[in-house]
Asker: 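Before we start, here is the structure in question, set down as structure tokens.
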Amino acid sequence: MVLSTGHNRVRTAVFISGTGSNLKSLAIFSKTKISPISINFIVSNNSKAKGLNYAKKFKIKKKVLSFKNKKLSENKLLSILKKNNIEMICLAGFMKILSKNFIKKFKGKILNIHPSLLPKYKGLNTHQRVLNNKEKYSGCTVHFVNARLDSGKIILQKKVRISKKDTETSLAKKILAQEHKLYPKAILKVFNL
Ligand code: GRF
């Protein structure tokens, strides 16, 4: 990706649905000297998302949109993002699927983090499926978003070893800790930094 505005940081929105621990790690990263992005907007489909609290903490604007009527919510969102000069989107635990039309408007500018070694284990309940299949490794992936779920070009992955004692909860925790490091690294890579 090319930095479009000289030395200014690329204005980025983070989309969440829940805890927002990846949002937190991105917000912290965005304040570092080396970050090519600033986080200027938080979007959630869930008004009860804990991650929305980071809006106040990091002084970031926020917007909740139900996505019950996807087309309406997306159109509203597109105009809000435009008004706020948002150039890039990081999905971080966002549980809604964006339409082709929306993705087209931000072509090549939407990233997602997924808690598996894609292309394996796309979709939900990743950790349980991984454990059921007695995999030795799992991990996390940051990828570009295209119109097919969890299928865009892979930017970076981190492998995590699964121990015999791992449960869905312990594996999720182990992988999440790696996600927090991987997302900022993937952003640096996207900007060739
Ligand atoms: C992460 O495991 C992410 O990979 C997945 O949803 C989880 C979100 O966690 N898509 P958080 O809200 O960032 O804490």
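In listed order, ligands and their atoms are each counted from 1.
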Asker: From the options G18, G20, G51, select the one whose nearest heavy atom is closest to atom 12 (O) of ligand 1.
Answerer: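 Heavy atom nearest to atom 12 (O) of ligand 1 belongs to G20.
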
Asker: Quick test of your reading of the structure: of E179, M95, K50, whose heavy atom lies closest to atom 4 (O) of ligand 1?
Answerer: E179

Asker: Among all protein non-hydrogen atoms, which one is nearest to atom 8 (C) of ligand 1, and what is the separation to 0.1 Å?
Answerer: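 Scanning the protein heavy atoms, the shortest distance from atom 8 (C) of ligand 1 goes to G93 CA, 3.6 Å.
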
Asker: Check whether the ring centres of F94 and F67 lie less than 6.0 Å apart, and answer yes or no.
Answerer: yes

Asker: Can you confirm if the NZ or CZ of K159 lies within 45° of the ring axis of Y137 and under 6.0 Å from the centre of its six-membered ring?
Answerer: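 Yes, K159 and Y137 form such a contact.
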
Asker: Let me know which of L117, I175, L171 forms a side chain to side chain contact (heavy atoms under 4.5 Å, CB included) with V130.
Answerer: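 Answer after filtering L117, I175, L171: L171.
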
Asker: How far is atom 10 (N) of ligand 1 from the closest protein heavy atom, and which atom is that?
Answerer: I113 O, 3.3 Å

Asker: Considering only heavy atoms, which of N22, L176, T19 lies nearest to atom 13 (O) of ligand 1?
Answerer: N22

Asker: Which residue is it: Q128, E135, R129? I am looking for the one with a side-chain hydrogen bond (donor to acceptor under 3.5 Å, both in side chains) to Y121.
Answerer: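 Of the listed options, the one satisfying the test is E135.
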
Asker: Which residue is it: D150, I155, V142? I am looking for the one with a side chain to side chain contact (heavy atoms under 4.5 Å, CB included) to N112.
Answerer: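 So, applying the side chain to side chain contact (heavy atoms under 4.5 Å, CB included) to N112 and each of D150, I155, V142, only D150 qualifies.
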
Asker: Which residue and non-hydrogen atom of the protein lie closest to atom 14 (O) of ligand 1, and at what distance in Å?
Answerer: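 Heavy-atom neighbour on the protein nearest atom 14 (O) of ligand 1: S21 OG, 2.5 Å.
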
